[in-house]
*Asks:* 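I have a structure I would like to understand better, so I am pasting it below and will then ask my questions one at a time.
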Amino acid sequence: KIRTDEARALFEPIFGGVDAAIVAAYGRILPDWMLSGPRLGCINIHSSLLPQYRGAAPINWAIAHGETITGVTIMQMDAGIDTGAILSQASLTIGPRETAEELTPRLAELGASLLLEALPRLATGELSPQAQDDAAASYAPILRREDGLIDWNLTATAIDNRRRGFTPFPGCYGIFRGQRLEIVAAEAGESVSVEAGSTLPGTIVALDADSMSVSCGDGTRLRVDVVQPAGKRAMPVRDFLNGTRIHPGEAFER
């Protein structure tokens, strides 16, 4: 907690005597006395290409929304939430099967190198802060546990994007036979015909030795390969099916 008298008494003398303060993944708005203390201000390393994905969970929501490009922004902090002027940016490609857990360390390395490049240039006045285009802003709110609950009316690709984006938290799960069943590994299958796709979303439509297919929106199917039942470890679908008798036509709660 930094908005207390005790925190101010401790930190204000420090902030007033440094060149810059660096913030990464902190998730709180700094008070004015912190923002104005360092000679070069407070600098944020933000894991998106601002003004896209302002907020607490930019990595997760970029993947969940199906983005293929993301990056890091070095920005001058102000009183808003990720609204300050841009000092430097760099982008990278999101892998087609990459999860938030896998993308995070890659963005951390990119952010560190970008910061080391930007700080000397900021100190010498070589960097020109560029105001963000607020009209182009999008938001990445803090993740809640309920964000992981699958809406089977979405397409299989959209559901799988959310699974990748919400790994490891809050996960991607459905309610099957009254219990949480997390989808740990899956892949969007091919769309089926309108007639074959008339099954209600969330219905298990096919089973084989290693996977089960669940109907999703727009006639798509999600092939599920690894699951984690409530209170148990993650397991291949083959092990889950060996211990749980399931029939095609059963469905997740909608």
Side-chain angles (χ1 to χ4, degrees), residues 25 45-73 81-82 86 89-111 132-174 181-194 197 199-203 205 211-228 252 254:
I45 312 169
H46 187 76
S47 297
S48 79
L49 298 173
L50 290 171
Q52 293 181 325
Y53 298 107
R54 295 174 177 174
I59 300 172
N60 309 86
W61 286 109
I63 295 176
H65 288 157
E67 303 286 1
T68 58
I69 301 292
T70 188
V72 173
T73 300
I81 299 175
D82 302 321
I86 294 170
Q89 286 185 321
S91 63
L92 56 71
T93 300
I94 301 173
R97 307 302 305 151
E98 194 166 26
T99 66
E101 189 172 33
E102 295 164 337
L103 179 58
T104 295
R106 294 209 297 132
L107 286 169
E109 291 219 3
L110 178 62
Q132 294 188 41
D133 179 2
D134 291 339
S138 59
Y139 295 91
I142 191 169
L143 290 171
R144 305 165 301 167
R145 191 168 299 277
E146 54 266 34
D147 288 323
L149 180 61
I150 297 171
D151 178 359
W152 294 103
N153 293 300
L154 298 174
T155 67
T157 295
I159 292 170
D160 192 45
N161 287 340
R162 292 173 74 89
R163 180 194 64 79
R164 294 189 302 118
F166 297 161
T167 298
F169 179 84
C172 179
Y173 62 92
L181 183 65
E182 183 163 347
I183 309 301
V184 178
E187 189 168 353
E190 295 182 1
S191 297
V192 295
S193 67
V194 173
T199 305
L200 285 174
T203 303
V205 292
S211 67
M212 63 181 179
S213 294
V214 185
S215 62
C216 306
D218 293 343
T220 59
R221 293 183 177 184
L222 185 72
R223 193 190 74 226
V224 180
D225 301 309
V226 180
V227 296
Q228 183 170 4
F252 287 81
R254 292 182 290 274

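Because the structure is a prediction, the values reported are computed rather than measured. Count residues from 1 along the sequence.
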*Asks:* Quick check: does any side chain N or O of Thr104 sit under 3.5 Å from a backbone N or O of Glu101, one acting as donor and the other as acceptor?
*Replies:*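 A pair under 3.5 Å: no.
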
*Asks:* Between Ile69 and Thr93, does the side-chain contact (heavy atoms from CB on, under 4.5 Å) criterion hold? Intermediate values first, please.
*Replies:* CA-CA 5 Å; Ile69 301 292; Thr93 300; 3.6 Å; yes

*Asks:* Could I get the full list of side-chain contact (heavy atoms from CB on, under 4.5 Å) partners for Ser47, not counting sequence neighbours?
*Replies:* Pro58, Ile59, Leu107

*Asks:* Could you work out, with side-chain contact (heavy atoms from CB on, under 4.5 Å) as the rule, every residue matching Thr203, not counting sequence neighbours?
*Replies:* Thr199, Leu200, Val205, Ser215, Ala251, Arg254

*Asks:* Roughly how far, to the nearest 0.5 Å, is the CG atom of Asp82 from the OG1 atom of Thr73?
*Replies:* 9.0 Å

*Asks:* Does any non-hydrogen side-chain atom of Val184 lie less than 4.5 Å from one of Val227?
*Replies:* no

*Asks:* If you compare all heavy atoms of Ala57 against all heavy atoms of Leu143, which two are closest, and at what distance to 0.1 Å?
*Replies:* CB-CG, 4.0 Å

*Asks:* So Asp151 and Arg162, do their side chains get closer than 4.5 Å, heavy atoms only?
*Replies:* no

*Asks:* Is it the case that more than 12 heavy atoms not belonging to Leu110 sit under 6.0 Å from its CG atom?
*Replies:* yes

*Asks:* Could you please spell out the steps behind the side-chain hydrogen bond (donor to acceptor under 3.5 Å, both in side chains) verdict for Gln52 and Ser138?
*Replies:* CA-CA 5 Å; Gln52 293 181 325; Ser138 59; 5.6 Å; no

*Asks:* What pair of heavy atoms forms the shortest contact from Thr155 to Asp218, and how long is it?
*Replies:* CG2-OD2, 3.6 Å

*Asks:* So Tyr173 and Ile183, do their side chains get closer than 4.5 Å, heavy atoms only?
*Replies:* no

*Asks:* Quick one: side-chain hydrogen bond (donor to acceptor under 3.5 Å, both in side chains) partners of Glu98, sequence neighbours excluded?
*Replies:* Arg106

*Asks:* Is any side-chain heavy atom of Trp61 less than 4.5 Å from a side-chain heavy atom of Asp147?
*Replies:*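 When only atoms from C-beta onward are counted, Asp147 and Trp61 do touch, with a gap below 4.5 Å.
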
*Asks:* Would you call Ile81 and Tyr139 a side-chain contact if the rule is heavy atoms closer than 4.5 Å?
*Replies:*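 Ile81 does not reach Tyr139 side chain to side chain.
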
*Asks:* Which residues pass the side-chain hydrogen bond (donor to acceptor under 3.5 Å, both in side chains) test with Thr167, not counting sequence neighbours?
*Replies:* none

*Asks:* For Glu187, check side-chain contact (heavy atoms from CB on, under 4.5 Å) against everything at least two apart and list the hits.
*Replies:*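 Glu187: side-chain contact (heavy atoms from CB on, under 4.5 Å) contacts with Arg97, Arg223.
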
*Asks:* Work out which heavy atom in Pro201 is nearest to a heavy atom in Asn153; give both atom names and the distance.
*Replies:* CG-OD1, 3.5 Å

*Asks:* Identify the two heavy atoms, one from Pro170 and one from Arg144, that lie closest to each other, and give their separation to 0.1 Å.
*Replies:* CG-O, 3.4 Å

*Asks:* Can you list the residues that meet the side-chain contact (heavy atoms from CB on, under 4.5 Å) rule with Asn161, with sequence neighbours excluded?
*Replies:*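 Asn161: side-chain contact (heavy atoms from CB on, under 4.5 Å) contacts with Thr157, Arg164.
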
*Asks:* Got a second to check how far Gln89's CD is from Ser48's OG, nearest 0.5 Å?
*Replies:*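 Going from CD on Gln89 over to OG on Ser48, the span is 8.0 Å.
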
*Asks:* Which pair of heavy atoms, one from Val224 and one from Ala186, lies closest together, and at what distance?
*Replies:* CA-CB, 4.0 Å

*Asks:* Closest approach of Ile159 and Leu154, non-hydrogen atoms and distance?
*Replies:*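 The answer is CD1-O, 3.7 Å.
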
*Asks:* How many angstroms lie between CZ in Arg163 and CD1 in Ile150, if you round to the nearest 0.5 Å?
*Replies:*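 If we round to the nearest 0.5 Å, Arg163:CZ and Ile150:CD1 are 10.0 Å apart.
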
*Asks:* Answer yes or no: does atom CD of Glu109 have more than 12 heavy-atom neighbours from other residues, nucleotides or ligands under 6.0 Å?
*Replies:* no

*Asks:* Enter the distance from Tyr53:OH to Glu67:CD here, rounded to the nearest 0.5 Å.
*Replies:*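 Reported value, rounded in 0.5 Å steps: 3.5 Å.
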
*Asks:* Exactly one of Thr99, Thr70, Ile94, Thr68 should register a side chain to side chain contact (heavy atoms under 4.5 Å, CB included) with Ile63. Which one does?
*Replies:*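 Among Thr99, Thr70, Ile94, Thr68, the one meeting side chain to side chain contact (heavy atoms under 4.5 Å, CB included) with Ile63 is Ile94.
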
*Asks:* Let me confirm one number: the CZ-SG distance from Arg221 to Cys216, rounded to the nearest 0.5 Å.
*Replies:* 10.0 Å

*Asks:* Is there side-chain contact between Phe169 and Asn60, with heavy atoms separated by less than 4.5 Å?
*Replies:* no

